[in-house]
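Letters A, B, ... mirror the listed sequences (proteins, then strands); counts begin at 1. These values consider heavy atoms only, across backbone and side chains, with no hydrogens, waters or symmetry-generated copies.
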Amino acid sequence: MASVYFDGATRVHKGNSRPSVAGVTLDIEDGEFLVLVGPSGCGKSTTLRMLAGLEPVDGGRVLIDGHDQKGVRPRDRDVAMVFQSYALYPNMTAEENMAFALRNAGVSKAEAHERVLEAAKILELEPLLGRKPGQLSGGQRQRVAMGRAIVRNPKVFCMDEPLSNLDAKLRVSTRAQIAALQRRLGVTTVYVTHDQVEAMTMGHRVAVLKEGVLQQVDTPEALYDRPVNTFVAGFIGSPAINLLDATVRDGRAELLGTSVPVERDLVGDADRVTLGIRPESWTIGSELDKDGIPLRVELVESLGAEVFVYGRHDGDPDGPRITVRLAKSQRPDTGDLIRITPVAGELHVFDAETGDRR
Amino acid sequence: MTDNAITGFDPNEKPAGAHQAEAASFGGVGMKIAGYAGMVAIFLLVALPLFWIVVTSFKEKPDIYTQPAQWWPANPTTEGYKSATTEIDFWAFFRNSVIITVLLSIAKIVLGVISAYALSLLRFPGRNLVFLVVIAALMVPNQITVISNYALVSQLGWRNTYQGIIIPLAGVAFGTFLMRNQFLSVPGEIIEAARLDGAGPLKLLWRVVLPMSWPTLIAFSIITVVNEWNEYLWPFLMSDDSRVGTLPIGLTQLQNNDGITNWGPVMAATVLAMLPVLIVFLALQRHMIKGLTAGAVKG
Ligand SMILES: Nc1ncnc2c1ncn2[C@@H]1O[C@H](COP(=O)(O)OP(=O)(O)O)[C@@H](O)[C@H]1O
Ligand SMILES: [Mg+2]
């Protein structure tokens, strides 16, 4: 077990002018489960691969347990990786796949067998140990790949979108199981995903990347409640937060023809801001409520307990689309007009130019 | 949720089996007939001469030259085989062929695999240049190098020796080219996984990369064995007699033994010379199945 420290780690791929990962500084505690999240191509895999030693570090440093890993070979870093494709050895059985690293490290056959059995028990792989990857289902392969990582008892687990090849149902159950397994083993884990739900449900802390630049590192709750900019606000949460432009006058924001109170010290002297309002941060008023924003309902998504309503300002069919979460009992129909008001304390105020939180 | 297991074991989940690729179907009866006609034409083109060789090898001498041709020996005889194995030192030629083919094939396969491995998976400066040189070597027909090779080998005093035949033939541009491209097709993540798992270069080759490359390696081996077995020009130039001469050279001696060639024994010897490679081919070709990489990556 170990701590991991990215110290301004930068990677510029050959032929690219822009760095794929730009000056990422990230302190990961011993035993922590850190999730790296961001849209496709933002440099998550590259960051992870720098940690594993599969990718050189062009600027800054990567430290494991306080030791700079520059020049340390992947095999000597004591890092285990679970690949998105699983990357199992097709010619070896599940057991041989899991024992390969141990045998390479000079562990005796008997001990390797014992440790594989132990891991197989945790992962419920015992009946499958004699099978080759081609004879396993996707979920089973995923577990063999996990097993290959945990038998080694490494300092750090690196996981690169290990669930993205599973079907939706299996993904949800496996998600919980990986998180539980990590808690039980207590091994420092860096987990890469593009799925914000995975990030929010699995990690102790979540690091959000955009175009190689680290945006925010925080607990899932803090990330949701206090996003540092419009990018993080828009990336975390599903359906996405409403980001609406508003003009400011006398401590009140003019939002879609309605006036919303905002804290004066947040706004400062700006005359325009971007307001972030989560779908659940709306209240629905009566149709006659002249203070509410009139919303013409375009689409209603019923998820059972809750309903997501998508619509636009009644008088402005080209305006921004607004998402509102309502209780089942408040379900409107498509074409209805509803009046909505943002909940005062749940407003996120961002700079209209930079998108940074004010 | 319990803390004790990554369960996720779903009985409804089906093992991802063999590829269920649908065979491309060409519509129309016309296409089908054309396809079969093509197949028959090629079959006849390949099989007729072979059939003729086999039939002739069992014919008596007068029957070989009769008009119209006999498609089946009127008086089947094994005389041809008897004289083929007695008129020349058949078994000595056979032994030479086996020794030279085995040694040469081993050398070519080992060198091909190792050089391809270096050129695909190991990083060193000038790698691409070396590969270009290998490709360039592939472009030079060996008839061109024969003369200078002959001079060199004669100077070394290796005429009529095994090493004189084997060493100049052991260059492997084709194998290097073929195996390099095969190794490059092994998914990068598997190689990275092996590196993380602490596999050194040799283990990576032997335990991970080669087992995933069997079909290509076997195809390469078959081609090599057949080529070396049939190699004529160089062994002919290098050998004087049955001490190191190979079977194809023995066949020529048989042909020239008396004024007019007796084709019966020649054909019999040809059949005998064909048999070993045929057996090797049949033994190996069933390993050339595709799909050895199934289950390596993705589902
Ligand atoms: N081998 C490579 N050569 C050139 N550019 C690369 C290479 N690998 C990744 N990149 C670039 O680096 C960026 C980040 O890639 P990656 O880390 O794989 O993103 P993610 O895993 O977040 O989807 C991408 O813009 C990609 O184009
Ligand atoms: Mg990636």
Return the minimal non-hydrogen interatomic distance between [X] and [Y], and the atom names on each side.
X       : Y        : value
A:Arg75 : B:Arg195 : CB-O, 3.3 Å
A:Ala87 : B:Ala193 : O-CB, 4.0 Å
A:Asn91 : B:Val208 : OD1-O, 4.4 Å

Can you tell me if [atom1] on [X] sees more than 12 non-hydrogen neighbours from other groups inside 6.0 Å?
X        : atom1 : answer
B:Leu275 : CG    : yes
B:Phe43  : CZ    : no
A:Glu114 : CD    : no

> Is the backbone of B:Ala194 close enough, under 3.5 Å, to the side chain of A:Tyr89 for a donor and an acceptor to pair up by distance?
Replying inline: yes
>> Under a 4.5 Å cutoff for heavy-atom pairs, which residue among A:Arg152, A:Arg103, A:Glu96 has the most contacts with chain B?
In response: A:Arg152
> Is chain B contacted by the side chain of A:Arg73, its backbone, both, or neither, given a heavy-atom distance below 4.5 Å?
Replying inline: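 Contact with chain B involves no heavy atom of A:Arg73 at all.
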> Quick one: what part of A:Ala52 sits under 4.5 Å from any heavy atom of chain B, side chain, backbone, both or neither?
Replying inline: both
>> What verdict does the side chain to side chain contact (heavy atoms under 4.5 Å, CB included) test give for A:Arg77 and B:Leu196, after you've listed the backbone C-alpha separation in whole Å, the side-chain angles of each residue and the deciding distance to 0.1 Å?
In response: CA-CA 8 Å; A:Arg77 294 192 180 196; B:Leu196 282 169; over 6 Å; no
> Nearest 0.5 Å, what's the CG-CD1 distance between A:Leu88 and B:Ile190?
Replying inline: 7.5 Å
> So, do A:Asn104 and B:Arg207 sit near enough that their side-chain heavy atoms are less than 4.5 Å apart?
Replying inline: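 In short, these two side chains do not touch, never coming nearer than 4.5 Å.
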